[in-house]
Number of protein chains: 2
Amino acid sequence: MTLPATQTAGGATSEPGHHSGAAGQSPGDDLIELLFFAYRDFVGDPDRILAQYGFGRAHHRVLHFVDRYPGLTIAELLDILRITKQSLNRVLKDLIEQDYIVQKTGTSDRRQRLLFCTDRGTALAGDLIRVQTHRVTRALADPAAVPAEGGLDGGAISAQNFLLAMIEPEERAAVRRLMARRARSVAR
Amino acid sequence: MTLPATQTAGGATSEPGHHSGAAGQSPGDDLIELLFFAYRDFVGDPDRILAQYGFGRAHHRVLHFVDRYPGLTIAELLDILRITKQSLNRVLKDLIEQDYIVQKTGTSDRRQRLLFCTDRGTALAGDLIRVQTHRVTRALADPAAVPAEGGLDGGAISAQNFLLAMIEPEERAAVRRLMARRARSVAR
DNA sequence: GAAATATGTCAACAACACTGACATAAAACG
DNA sequence: CGTTTTATGTCAGTGTTGTTGACATATTTC
């Protein structure tokens, strides 16, 4: 990210009103954008690994939950992921055909298909967990905790610091600069 | 979400190894899943509103950043969103044609197109910000702060509480139940 | 005047979500 | 025991959002 300094043109069409664009600051407004940036980088790590296997984010989610909760049923997985069974089946099929996941018929209810990772699946899931855990662990240990200027917001600061620390280190300055740009235009 | 109790079948193909599936707990492993659930619900609110306008998540992101940072250029927006200009143009075109965003030629550099929200755009962006701010504010004020059993992890607890509180209230119990299921299988 | 930059656009394609319809096996119920 | 419900699988079509590659235009920079 390489965002230059603030600039202006004719001036916006907007006028002060209900929301009044770029104003109406609320405590934790920054968290909305930080969540976007943090999540963007959070899924970026796995994405790079998955691409080498020809898998995508959808495959990751399935593999992750099956790895962490062995014996998950299709219905449970659908409930967690909140997607349709058609969407799930498309990626699950790939994972089963390529021997990352196996299905076993349920013992108590033989209609159910319980899902388990194979060794291959466990290995890949482990690689993916590893990079994400690394980012999270680093974020928790990050000393970049610069308390906000205002008063304590009861958790607001630490949530903000956590999300900021989840962002790729090289990008943090740019994100800080961007958000400062908004803060300035509001203070005016 | 309605996840039943733990169940087992034949037993997984996996064996103890490097990662050893469902084991290898790390401080903040929960945060990986909480981030998934929190983000899922976080974007769920706006999605419902946007659907009524025939817009999607991509439209939301563009509208949000243009609203918050009036005068943003195309290049800056591309840098923030990390998508190609072709992807951006598709949704930006919709927003401009339907009068949510206007472009103004830059004054210092006439090649640039500075982006601004119209009143319509500001209004919609305000509605979207509102629901997200509501969720964040509620999460920050949430007294659901049940300290973890272990020792303090320096920010780990509050980040965990924040993300949990970002989850749709009716779903939190299910998420807690799910994650407890993993904790149990690990303790064994 | 040539080269670099900021933006726009056409075309094709891939991932991942959706809807709707239909099929099968097993469990549950009366 | 037969009907109904449940858990899962599958076919077909569609929409959103991302990608690559190629090319065009206006403006700035050197």
Side-chain angles (χ1 to χ4, degrees), chain A residues 2-4 7 9 36 39-40 43-44 46-48 50-63 66 71-97 101-115, chain B residues 2-4 7 9 36 39-40 43-44 46-48 50-63 66 71-97 101-115:
Chain A
T2 321
L3 298 171
Q7 44 189 314
F36 165 76
Y39 199 80
R40 181 191 68 178
V43 295
D47 280 356
R48 258 164 264 132
L50 290 157
Q52 303 170 346
Y53 291 78
F55 290 145
R57 232 171 259 185
H59 297 91
H60 181 197
R61 293 196 276 261
V62 171
L63 188 62
V66 170
L72 221 47
T73 66
I74 300 291
E76 290 170 331
L77 202 42
L78 289 176
D79 197 25
I80 290 171
L81 302 177
R82 295 288 170 77
I83 57 175
T84 58
K85 64 181 170 183
Q86 292 90 330
S87 291
L88 172 58
N89 262 357
R90 190 171 355 105
V91 293
L92 184 55
K93 209 173 175 180
D94 292 341
L95 291 167
I96 290 173
E97 279 172 358
I101 286 180
V102 285
Q103 287 184 324
K104 308 207 175 189
T105 299
T107 48
S108 57
D109 187 337
R110 294 171 40 80
R111 286 172 304 184
Q112 295 181 330
R113 299 298 141 83
L114 309 190
L115 303 170
Chain B
T2 322
L3 299 171
Q7 43 188 315
F36 166 76
Y39 198 79
R40 182 192 67 178
V43 294
D47 279 357
R48 259 164 262 131
L50 291 156
Q52 303 170 348
Y53 291 78
F55 290 145
R57 231 171 261 184
H59 297 92
H60 181 195
R61 293 196 274 259
V62 171
L63 187 61
V66 171
L72 223 46
T73 67
I74 300 290
E76 290 169 330
L77 202 42
L78 288 175
D79 196 27
I80 289 171
L81 301 177
R82 294 289 169 74
I83 57 176
T84 58
K85 64 182 171 182
Q86 293 90 329
S87 291
L88 172 59
N89 262 357
R90 196 179 9 216
V91 294
L92 184 55
K93 209 174 176 180
D94 292 342
L95 291 167
I96 291 173
E97 279 172 357
I101 286 180
V102 286
Q103 288 184 323
K104 308 205 175 190
T105 300
T107 48
S108 57
D109 188 336
R110 294 171 41 78
R111 286 172 304 182
Q112 296 181 329
R113 299 299 140 85
L114 310 189
L115 303 170

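Labels below follow one simple rule: chain letters A, B, ... track the order of the sequence lines, proteins then strands, and each chain is numbered from 1. Excluded from the calculations below are hydrogen atoms, water molecules and symmetry mates; all remaining heavy atoms, backbone and side chain alike, are included.
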Whole-Å gap separating P (C/dG8) and CD (B/Gln112): 11 Å

Given atom CG of A/Leu72 and atom C1' of D/dA7, what is their separation to the nearest angstrom? 14 Å

A side-chain contact here means heavy atoms from C-beta on lying under 4.5 Å apart; do A/Asp109 and A/Thr73 qualify? no

A/Arg61 side chain to A/Ile80 main-chain N or O, any donor-acceptor pair under 3.5 Å? no

Do the non-hydrogen side-chain atoms of A/Leu50 and A/Arg57 ever get within less than 4.5 Å of each other? no

note: A/Asp47, atom CG; C/dA14, atom P; distance rounded to Å ~ 18 Å

Flag side-chain contact, heavy atom, 4.5 Å: A/Gln112 against A/Thr105: no

Would you check if B/Phe36 and A/Leu81 make a side-chain contact, meaning some heavy-atom pair closer than 4.5 Å? yes

Integer-rounded Å distance: C/dA6 P and B/Leu77 CG: 15 Å

Answer yes or no: is there a side-chain heavy-atom contact under 4.5 Å between A/Ile74 and A/Gln103? yes

When the C1' atoms of the five terminal pairs at each end define the local axes, what inter-axis angle does the helix from C/dG1-D/dC30 to C/dG30-D/dC1 show, to 10 degrees? 30°

Nearest to the side chain of A/Asn89 - D/dT10, C/dT7, C/dT9? D/dT10

Indicate for each nucleotide in nucleotides 17-30 of chain D, in 5' to 3' sequence, whether protein heavy atoms under 4.0 Å reach the base (B), only the sugar-phosphate (S), or nothing (-). BBBBBB---BBS--

Do you know which two heavy atoms are closest between B/Arg82 and B/Asp79, and how far apart they sit? NE-O, 3.3 Å

Test your reading of the model: is there a side-chain donor-acceptor pair from A/Arg110 to the backbone of A/Thr107, 3.5 Å cut-off? no

If I take atom NE2 in residue B/His60 and atom P in nucleotide D/dT16, what distance separates them, rounded to the nearest angstrom? 17 Å

Mind calculating the distance between CG (B/Asp79) and P (C/dT7) to the nearest angstrom? 12 Å

Taken to the nearest whole Å, CD1/A/Ile74 to C1'/C/dA26 is 16 Å

In residues 87-95 of chain A, what donor-acceptor pairs under 3.5 Å come from side-chain atoms, sequence neighbours left out?
from	atom 1	to	atom 2	distance (Å)
A/Ser87	OG	A/Thr84	OG1	3.2
A/Asp94	OD2	A/His59	NE2	2.9

Atom CZ of B/Arg40 and atom P of C/dC16: how far apart are they, to the nearest Å? 18 Å

